[in-house]
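Note on naming: letters A, B, ... go to the chains in the order of the sequence lines (proteins, then strands), and numbering restarts at 1 for each one.
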Amino acid sequence: MINLEVNLGPLRLKNPVLAASGTFGFGEEYASFFELEKLGAVIVKGLTLRPRQGNPPPRIAETPAGMLNAIGLQNPGLEAFLERELPRLRSINAAVIVNIAGDTEEEYLTLARELSETNGILALELNLSCPNVKEGGIFFGTSADVMTRLIRKVRRVCRLPLIVKLSPNVTDIVELAEAAESSGADILSLINTLKGMVIDVSRRRPLLGNITGGLSGPAIRPVAVRMVYEVYRSVKIPIIGMGGITNLDDALQFFLAGARAVAVGSASFINPYTIPRLISDLQLFMESEGLQSLDEIVGAAQR
Amino acid sequence: MINLEVNLGPLRLKNPVLAASGTFGFGEEYASFFELEKLGAVIVKGLTLRPRQGNPPPRIAETPAGMLNAIGLQNPGLEAFLERELPRLRSINAAVIVNIAGDTEEEYLTLARELSETNGILALELNLSCPNVKEGGIFFGTSADVMTRLIRKVRRVCRLPLIVKLSPNVTDIVELAEAAESSGADILSLINTLKGMVIDVSRRRPLLGNITGGLSGPAIRPVAVRMVYEVYRSVKIPIIGMGGITNLDDALQFFLAGARAVAVGSASFINPYTIPRLISDLQLFMESEGLQSLDEIVGAAQR
Amino acid sequence: MLSKARVLKIEEIFSGCFFLQLEEQRIAGDSLPGQFLHVRVADNTVPFLRRPFSIAGASPRNGTVEIIFRVVGEGTRILSRLQKDEFLDCLGPLGTPFSPGKEFPVSILLAGGAGIAPLLFLAGTLAGKREKILVYYGTPNSGELLTPDKFLPPGVDVFLATEDGSAGFHGLVTDLFERSLKDDPGRAEIFACGPEAMLKTLAKKNRSWGFPMQLSLEERMACGIGACQGCAVQAHRENKTGYLRVCRDGPVFNSQEVVW
Amino acid sequence: MLSKARVLKIEEIFSGCFFLQLEEQRIAGDSLPGQFLHVRVADNTVPFLRRPFSIAGASPRNGTVEIIFRVVGEGTRILSRLQKDEFLDCLGPLGTPFSPGKEFPVSILLAGGAGIAPLLFLAGTLAGKREKILVYYGTPNSGELLTPDKFLPPGVDVFLATEDGSAGFHGLVTDLFERSLKDDPGRAEIFACGPEAMLKTLAKKNRSWGFPMQLSLEERMACGIGACQGCAVQAHRENKTGYLRVCRDGPVFNSQEVVW
Ligand SMILES: Cc1cc2nc3c(=O)[nH]c(=O)nc-3n(C[C@H](O)[C@H](O)[C@H](O)COP(=O)(O)OP(=O)(O)OC[C@H]3O[C@@H](n4cnc5c(N)ncnc54)[C@H](O)[C@@H]3O)c2cc1C
Ligand SMILES: Cc1cc2nc3c(=O)[nH]c(=O)nc-3n(C[C@H](O)[C@H](O)[C@H](O)COP(=O)(O)OP(=O)(O)OC[C@H]3O[C@@H](n4cnc5c(N)ncnc54)[C@H](O)[C@@H]3O)c2cc1C
Ligand SMILES: Cc1cc2nc3c(=O)[nH]c(=O)nc-3n(C[C@H](O)[C@H](O)[C@H](O)COP(=O)(O)O)c2cc1C
Ligand SMILES: Cc1cc2nc3c(=O)[nH]c(=O)nc-3n(C[C@H](O)[C@H](O)[C@H](O)COP(=O)(O)O)c2cc1C
Ligand code: FES
Ligand code: FES
């Protein structure tokens, strides 16, 4: 059987298919469907220093070939994560990447520092791109200067591989990717959700409690693939690609564009088995195409 | 029967439903389906000073609930437009808005000057946002400074109502909308297409000849509605909303978000009668809701 | 928890409201009243999300499970076109069921519109185990009424209300219930499902009535299994106030838990 | 030009290839060989675009029109599930048809794979009006061959080629044709439809053969009516070189027009 192991800079994964942050909770619910051990990694729900209530409902709106969410980073906070979620994930041998978010630089730094000192975490993913919280989040992700400053500081306190997750809601994704690379990111994740909204015509009001939300799902895949393609040409660090992946073909678009790993988000809502199925389909694909390593297709569509 | 007439600043339209630029050619083909006179206006295919060949094929890719196009502004150029297309459109009483694009400021200015001196044109729409041409286009549309300078100059030579069409591929659409308003735009059109790509997995190559293309259709509607909603709050000039409109409900989202008129693009490809049907559905809606004027719903979802 | 269930029967009970009977042994065996199925209406990316429907009945013996749904949008429209012997992709049973207390000899079931669905199932499981089962059922008019007898076990007392008075009591089901109120809060408990306004009224009035009361709530869902935090409802539980998940912490909540 | 056409017959001719007969009087009356129908495969936003298919036959008398399609992706898969008496949303007939010249007593029809479709229609309209009608038809193997006799009028000579030799000539249809070449370019004209590689080979070889030759091309389409410039093919026409539209300027082009 072909080995799907993949190295993303300092990060070694047993396979290149991850669960995208916020769509997999802390893994608990999906663990009743399949063994989380199978996944390349679980990127847990965006974690903040203190517990967060999140946004008022409704938080979900369906859109053509996609959905909006405005969860607003509801999460139990660092302490509960360390006490409850992480030990549980470790006990079932899940590979854990922690997605962190903050309103202030200080919060990011504290999180990075504390999580670096914790065993059983594979990497940190800096969420600089959540469109659903008032402060922080996307603010850090849309200005190269602000981002650079933050990443430099986090880099200094973070001993784990550092993934920076980029927002697609920018004029020039390449500029931000380069800024992230040069300020110390080991890996880039892209893309987070596009900012969108739906109006409930019958009530003549925005449908979401938060007014706007983040667009995910197949609808955004062309934007995501384009961004991975563009970023791959200009940075050397590896890319985790995501945005609308539902099956092998979708994932291959990302690999061919230049992603060394992919993450599945909203598709898990439609079919909880999406990720394990994708892993075995990828295995079969590599065997039937006679590929020894993913390297043979990563970035192969570049020209 | 309720009067659907609407004023967009200096521009008076018989109804608020337009054909979006590039999706309706110069109207010739659709004229065999229905009387173009019925439309609020036909915004013709992006016009350049000289004829343009456009991009190599394939130029079209289907995507989930949408499509990519990379036409590359193929058009017959100003002279042929004035000689052939405009007289034909006038002869059938179509309300004509001309979408113009250039590689250089000079081209925009020449186009604006010459078209201002031509009878039978209702308004100009500055396309600052075409993602499918190497120079110009989107370049003018993503930097507030560059855009401001261009609009100021065009404003000076343009005697027609001036619509500025914004690109959604920006970090802050509001900043650009404000820049357009303060530099002399009478009306804003939003949104143009999102930059995207599809990879043909079987050939391991980008599907489009131009590699990337512009994403349109229902997939992008949530992004478009959000941008209209945000821009409406910060500018006083009227907005023409577009992006994924296929029916009355979709159009109402835009009106409620703040658009005073809407344009239909890709949906005409699926059903050539989309626009006339939308006009009569709008009429019926206003009657059944007892609305005297569109003003009663424009921006009504703002809060 | 993911199955393809075969359609045994699909029937339009009244205009725009369908009864759907599915054959799926595992679901039939595991389902409890108050739980729901999260259904993929088509093998397509539009509609993108699954749709949640309360389980209206299940027979482990026959391996069947039922839902009752109203056509309100594209997803339910597609569902309504299902044909016998087609397969439906169902995730479930999901959610926290009703938990009737053995100490209450009287069960009062309060239903508004399609909210009757989970209560039919509940009535079926309570039948014969309680002294009295009372079903109060309200709809806008008699045209939107399913004949509860067809779906209810014998020995259940049904009280109808229609907003236009075309059948039963003329008015809201909550008013009907209030007028006929005579049971002792110490001996009876209430289970309710229906439009938000109805549940809100009930919860408020119950502050003075003081019945033990369980409500089945609705919220827009993505995952349906508790992973995305999408289906938030503000509630108190375990001395904390915050957002709970309708899909996992609910859909059944104690009426005091919910913050309106 | 937009109609709902009723499905009269849908038949799998060979694995993955379907014959679809529709009833629609207007289309049947207007269709000419070489034109196509632009079909909406489902009333949904996925798949978003229409799909173009050459008209494989039309009978104004019976009010019927036919297409033959291969299942290659989601759109054609959905089409293949059509049932008798369902309706299909068709835009058309669209495009510039073949224009056979009366001065040529011999018509040579060269088909590769599904490219046979428009040529069946053409053969039908030429039958009885030409001295000789020769159909050269190539497919990868005998399993992907539709029995041309079933679809062709009498008096047409058919020559088969399969790439694996499982039926007829062993090799490419272009080679078969080249070997049997004996007609006089002054008396015969060629109509061809098939994969791009086949058409390209033909166009090149024809530089020396010198037949009048019309090719039916394919390109990805959005509008199908000439408005979007999506279906560009590089070509010379009227002393200019540039992109022409397959949907309106074609799909039939003179072989010298096309720039490969
Ligand atoms: C736990 C639970 C149990 C339910 N049980 C029943 C039942 O037994 N019978 C019944 O008729 N209906 C029930 N509903 C409501 C049912 O889920 C919606 O009517 C249905 O999802 C509408 O789908 P649509 O595509 O037709 O409508 P659309 O309005 O087109 O749907 C658009 C989106 O909004 C969501 N949505 C719309 N209305 C609701 C709603 N009321 N609740 C949650 N999501 C909604 C849809 O799921 C979809 O994601 C239940 C809802 C929940 C949460
Ligand atoms: C003028 C014309 C006539 C045609 N006639 C026939 C015919 O008679 N029989 C037949 O089997 N096929 C014919 N084709 C090809 C047919 O249109 C495609 O096979 C079909 O569109 C594939 O759709 P899909 O959803 O199954 O494939 P997908 O690959 O999923 O389609 C994705 C997108 O690509 C487009 N596409 C894919 N392949 C082609 C292609 N070869 N040409 C144009 N667009 C394509 C689709 O229309 C769609 O927009 C014709 C094409 C053209 C342009
Ligand atoms: C409900 C939901 C919650 C999300 N929460 C987070 C989050 O907490 N942190 C984060 O970085 N991304 C979050 N995302 C973004 C996803 O990780 C992913 O980047 C995005 O959804 C695109 O992938 P998809 O189209 O496969 O869903 C969330 C997405 C969804 C749908
Ligand atoms: C094939 C195609 C060509 C287009 N050409 C132009 C153009 O020349 N100028 C322009 O400003 N916008 C152009 N657009 C963008 C549309 O006018 C519109 O802004 C966009 O498609 C979003 O609307 P829709 O989703 O309704 O298609 C084009 C869009 C398509 C699909
Ligand atoms: S729907 Fe995802 S948590 Fe309830
Ligand atoms: S498909 Fe639009 S011009 Fe041909």
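Panel note: side chain A:Arg226, backbone B:Met197; no donor-acceptor pair is recorded below 3.5 Å.
Closest non-hydrogen pair, A:Leu215 versus B:Ala219, comes out as CD2-O, 3.8 Å. Closest approach of A:Ala301 to B:Arg205, counting heavy atoms only: CA-NH1, 3.9 Å.
Looking only at heavy-atom pairs under 4.5 Å with chain A, the residue among B:Ala61, B:Pro206, B:Ala65, B:Pro168 that has the most is B:Pro206. Options B:Val198, B:Leu68, B:Ile220 differ in how many heavy-atom pairs under 4.5 Å they form with chain A, and the most are formed by B:Val198. When the candidates B:Val225, B:Asp200, B:Val201 are compared by the number of heavy-atom contacts under 4.5 Å with chain A, B:Val201 comes out ahead.
For B:Glu105, the salt bridge (Lys or Arg N to Asp or Glu O under 4.0 Å) partners at least two apart in sequence or on another chain are B:Arg149, B:Lys153. Shown here are the side-chain contact (heavy atoms from CB on, under 4.5 Å) partners of B:Gln283, two or more places apart in sequence or in another chain: B:Met1, B:Ile2, B:Leu4, B:Glu287.
Heavy-atom distances place the side chain of B:Ile297, and not its backbone, under 4.5 Å from chain A.
Scanning residues 244-262 of chain B against chain A with a 4.5 Å heavy-atom cutoff picks out B:Asp249, B:Leu252, B:Gln253, B:Leu256, B:Ala257, ordered by number.
At least one side-chain heavy atom of B:Glu230 sits under 4.5 Å from a side-chain heavy atom of A:Lys195.
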Show which side-chain atoms of residues 170-181 of chain A pair as donor or acceptor with protein atoms under 3.5 Å away, not counting sequence neighbours.
{"residue": "A:Thr171", "atom": "OG1", "partner": "B:Thr171", "partner atom": "N", "Å": "2.9"}
{"residue": "A:Thr171", "atom": "OG1", "partner": "B:Thr171", "partner atom": "OG1", "Å": "3.3"}
{"residue": "A:Asp172", "atom": "OD1", "partner": "A:Val174", "partner atom": "N", "Å": "3.1"}
{"residue": "A:Asp172", "atom": "OD1", "partner": "A:Glu175", "partner atom": "N", "Å": "3.4"}
{"residue": "A:Glu181", "atom": "OE2", "partner": "A:Lys236", "partner atom": "N", "Å": "2.6"}
{"residue": "A:Glu181", "atom": "OE2", "partner": "A:Ile237", "partner atom": "N", "Å": "3.3"}

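Rounded to the nearest 0.5 angstrom, A:Tyr229 OH and B:Thr212 OG1 are separated by 9.0 Å.
A salt bridge does not link A:Arg204 to B:Glu296: none of the charged nitrogens lies less than 4.0 Å from a carboxylate oxygen.
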